[in-house]
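Some notes on the structure that comes next.
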Amino acid sequence: MNDEESLEVRWHALDALPELDEGNLSRLTRALNSNGEAAFGFSGLSEVLGQASSASG
């Protein structure tokens with residue numbers, strides 16, 4: 001929160017959250033239920049490498 005991309009920050013109680021999209025709600029839920037382990041997501045090689053991987057595969 002210490003850069004120019006964070007123009008506005010708001011803090012909310014957990015029982016008074018604003019409407020969240022599915023991705024943000026998922027991350028928040030995972031963080032609250034976490035045992036401290038990292039969570040990773042993988043969208044697939046074509047998403048990571050772009051068109052080159054789908055053309056060669």
Side-chain angles (χ1 to χ4, degrees):
M1 293 183 292
N2 194 17
D3 61 29
E4 53 279 343
E5 291 183 14
S6 301
L7 298 177
E8 187 173 329
V9 176
R10 297 180 187 178
W11 305 102
H12 300 277
L14 290 176
D15 60 354
L17 292 173
E19 188 173 325
L20 298 170
D21 63 44
E22 185 178 330
N24 284 322
L25 184 58
S26 174
R27 284 186 284 279
L28 180 58
T29 301
R30 238 183 287 128
L32 292 171
N33 295 326
S34 174
N35 60 2
E37 294 180 358
F40 298 93
F42 181 62
S43 56
L45 284 177
S46 62
E47 288 291 321
V48 175
L49 301 176
Q51 295 296 326
S53 68
S54 60
S56 64

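Numbers here are sequence positions counted from 1.
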Atom of N24, atom of D21 and distance for their closest heavy-atom approach | N-OD1, 2.8 Å
Non-neighbouring partners of A13 that pass side chain to side chain contact (heavy atoms under 4.5 Å, CB included), sequence neighbours left out | D15, A16
Spacing of H12 atom NE2 and L20 atom CG [to the nearest 0.5 Å] = 8.5 Å
Reported CD-to-CG distance for the pair E19 and L25, which is rounded to 0.5 angstrom | 10.0 Å
Could you pull out all residues at least two apart from T29 that satisfy side-chain hydrogen bond (donor to acceptor under 3.5 Å, both in side chains)?
-> none
Between R30 and S34, is any side-chain donor less than 3.5 angstrom from a side-chain acceptor?
-> no
Not counting sequence neighbours, which residues clear side chain to side chain contact (heavy atoms under 4.5 Å, CB included) with F42? List them please.
-> L45, V48
